[in-house]
Amino acid sequence: MNRLAHRLAARITLAVASAITLSSVASPSAHAATPATLKFCSDIQFSKCGSKLTPSQDIYIRAEFGSPVGEVFQQAFGLDSIPLSGKFAFAIAKNIDDEHAIIEYVGPMMVSRYSKQNTFDLTLQASEKQVERIAASGEDIQKAIPFNSIGTMGTTGLSASWANKAVMFPVGDAAWEAFLVFVPANGDAEPKLVAQGKFTYAMTAAGRGKLVDAMNFYDKQRFEKTPDDGVTTALHKANLEKITFARTKMVKGFDDASALTGSIKGLAGGVYARLYMKQSVRNALADVGQGKDVSDVSYQLHIVVDGKTERWIDDKISQKEAMTLTSWSLTLVPGNAADGEDMPNISRKFVYLMSMLEPGKHKVAISAQVGSADQVVQLSSGELEVDIVAKDRDVVAKKWGQQLPGRGLLDKDKKLGGELKKMLAKDIVAIRAPNSWEVRKNAFDMVTHRVTQIQIGYKEKGECRLGITMIQQDVQGKGFGPTHLSTEKAWFGVDGDLPCQNLVK
């Protein structure tokens, strides 16, 4: 059966449903006809119809059957007669196998009232004023719309849900499929797909603005723009939505186009970048309805080397920066100690990627984005050619790449080092115990054991890695017994990228 329809049915009956998608909707029964084709029209007379829809038009949906809707419902479930009531579900997804429908709308229907009406109608897109006009069912409406359709077309539930989804579509054409499903009132039978249709939605910047204008006050706030720094320099204007590169740090107000470069030889001396946007991060989020109540914001840098090796790096900007900044600098390889404090996470990751490269020219692509997984907003991107020099690469990796800590306890306790070598896997190259032992006690204030953190360096699939774990020694007599791994704590999100140049015993 079709899983999305089943999920919709479960929502109607307040039952629990999980991992259910459109592909689980049951095909029509032997008594029912092939699913009808949904029509997409821009007038309530359903005379101006087509498959290419836009944000600037009203959109009404009609399922037109060869027999009365009541009979279609009756036949779909093999009933003896047309039931008094039932339910319908309407969904929009990429296709019938899509597990993530963007619209899942459900509602009641008085099936018995459809004993003579051959159409089932819905409003997908219209202003609140127009929907209210339909609901009021004046004489002009009654002449154009069947009586039962006024109830399903004169409610803002579906159109409001659609507006909140459609307004976040990127500019361009998007292909969708719509599905109408009937559900028995008692929920005993499987839901049945009775009509479906395909359409293309053509989003434009102006169309998005019209959708926002039609929203209520509270929804509209999520899309409203606030003042930001705008275009700050001539260099900024020439590089909107680009990331530029230079051998010198490009601080705020930097406007020397001659310093920009698309190719560098060697890493020593520093590698810097500057990110230029057409608007602030807050306003970029407003484009996808996430602009309200912005606080500190994490953005992501995506670095790809030679089209195959990649890393994602999270960095954070403050609420004020998110609200106003339209450009900021990135320190990829620090040129001095002071710049090494700029953004060490980014520098360490970039240096690690460089540390693995063979001498010669390599292509590095960097892009910046913000937003959640299903609403990603691209900020800026750029490419740089890096000509790697072996000696220079190694010096930079050792200076700015992630380092193993000092040996710590291992310098004081040679027995500990021997135990760890026997206990750990043979492919471990380096072991460090940088912290002191921490004593643990039970509820009676008696010492039971002691723990400490160790860091290990090893090779895996051609790369050098760093790991963190905890070891433990239990009380034994007047001292502590043999060392073993502890389950007290696990470390997640550890940066395991260790330049091989820094993997030393």
Let me confirm one number: the [atom1]-[atom2] distance from [X] to [Y], rounded to the nearest 0.5 Å.
X      : Y      : atom1 : atom2 : answer
Asp306 : His362 : CG    : NE2   : 5.5 Å
Met250 : Ser327 : CE    : OG    : 8.5 Å
Ile303 : Ile346 : CD1   : CD1   : 7.5 Å
Asn239 : Tyr276 : CG    : OH    : 6.5 Å
Glu321 : Asp228 : CD    : CG    : 13.5 Å
Ser380 : Ile243 : OG    : CD1   : 5.5 Å

For [X] and [Y], which heavy atoms make the closest approach, and how far apart are they?
X      : Y      : value
Asp339 : Tyr272 : OD2-OH, 2.5 Å
Phe350 : Ile366 : CE1-CD1, 4.4 Å
Val69  : Phe120 : CG2-N, 4.2 Å
Val297 : Ala322 : CG2-CB, 3.7 Å
Ala63  : Leu180 : CB-CD2, 3.8 Å
Thr326 : Gln279 : CG2-C, 3.6 Å

For residues [X] and [Y], determine if any side-chain heavy atom of one lies less than 4.5 Å from a side-chain heavy atom of the other.
X      : Y      : result
Lys489 : Thr469 : no
Phe90  : Val181 : no
Lys225 : Asp287 : yes
Thr309 : Val304 : no
Leu330 : Leu301 : yes
Met323 : Thr226 : yes
Trp491 : Gln453 : yes
Glu385 : Ile264 : no

- request: Could you give me the CA-CA distance, side-chain angles and deciding distance for Lys210 and Gln57, then say whether side-chain contact (heavy atoms from CB on, under 4.5 Å) is met?
  value: CA-CA 10 Å; Lys210 290 183 178 180; Gln57 65 183 153; over 6 Å; no

side-chain contact (heavy atoms from CB on, under 4.5 Å) assessment of Ile103 paired with Trp162:
CA-CA 7 Å; Ile103 294 294; Trp162 170 255; 4.0 Å; yes

So salt bridge (charged side-chain N to carboxylate O under 4.0 Å, His left out) across residues 140-154, not counting sequence neighbours, yields Arg133-Asp140

Donor-acceptor contact below 3.5 Å, side chain [X] vs main chain [Y]:
X      : Y      : answer
Asn95  : Asp98  : yes
Arg208 : Val167 : yes
Arg282 : Gly291 : yes
Ser149 : Ile145 : no
Gln45  : Ser47  : no
Ser42  : Asp58  : no
Ser159 : Thr156 : yes
Lys192 : Glu190 : yes
Gln142 : Ser137 : yes
His100 : Ala93  : no

For a quick test of your reading: what N or O donor-acceptor pairs under 3.5 Å do the side chains of residues 200-207 make, sequence neighbours left out?
{"unit_1": "Tyr201", "atom_1": "OH", "unit_2": "Gln125", "atom_2": "OE1", "d": "2.7"}
{"unit_1": "Thr204", "atom_1": "OG1", "unit_2": "Gly207", "atom_2": "N", "d": "2.9"}

*All ring-ring contact (aromatic ring centres under 6.0 Å, His included) counterparts of Phe40, not counting sequence neighbours*: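 With neighbours one apart ignored, the set is Phe199.
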
Quick check on Arg311: does its CZ atom have over 12 non-hydrogen neighbours (other residues, nucleotides or ligands) under 6.0 Å away? yes

* **Residues, nucleotides or ligands: over 12 heavy atoms within 6.0 Å of Lys278 NZ** =>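 Open: at most 12 neighbouring heavy atoms sit under 6.0 Å from NZ of Lys278.
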
- prompt: Distance under 6.0 Å and angle within 45° of the ring axis: does Lys94 meet both against Trp176?
  reply: yes

Residues Asp256, Leu235; criterion side-chain contact (heavy atoms from CB on, under 4.5 Å); working and verdict = CA-CA 7 Å; Asp256 182 7; Leu235 205 58; 6.0 Å; no

| task | Using only heavy-atom distances, determine whether the side chains of Thr54 and Ser56 contain a donor-acceptor pair under 3.5 Å. | result | yes

*Please determine, by modelled atom types, if Glu132 and Ser127 share a side-chain donor-acceptor pair under 3.5 angstrom.*
no

* Do NZ/NE/NH1/NH2 and the carboxylate oxygens of Glu383 and Lys363 come within less than 4.0 Å? -> yes

message: One thing to verify: whether Lys316 and Asp296 come together as a salt bridge, which I'm taking to mean a side-chain N less than 4.0 angstrom from a carboxylate O.
response: no

For Lys52, the salt bridge (Lys or Arg N to Asp or Glu O under 4.0 Å) test, sequence neighbours excluded, returns Asp173

Sorted by chain and residue number, the salt bridge (Lys or Arg N to Asp or Glu O under 4.0 Å) partners of Asp293 (sequence neighbours excluded) come out as none

### Message
Could you check, using the six-membered ring where one of them is a Trp, whether Tyr299 and Trp312 have ring centers closer than 6.0 angstrom?
### Response
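That pair fails the under 6.0 Å test.
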
Residue pairs passing the side-chain hydrogen bond (donor to acceptor under 3.5 Å, both in side chains) test where at least one lies in residues 345-355, sequence neighbours excluded: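 Sorted pair list: Asn345-Arg348, Lys349-Asp495, Lys349-Asp497, Tyr352-Glu463.
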
Quiz item: Picking from Glu241, His302, Gln369, what satisfies side chain to side chain donor-acceptor pair (under 3.5 Å) with Gln378?
Solution: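 Per the side chain to side chain donor-acceptor pair (under 3.5 Å) rule, the option paired with Gln378 is Gln369, out of Glu241, His302, Gln369.
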
Checklist entry - Should Val131 and Thr155 be marked as a side-chain contact (heavy atoms from CB on, under 4.5 Å) after you check the CA-CA gap, both sets of side-chain angles, and the distance that decides it? => result CA-CA 6 Å; Val131 176; Thr155 174; 5.5 Å; no

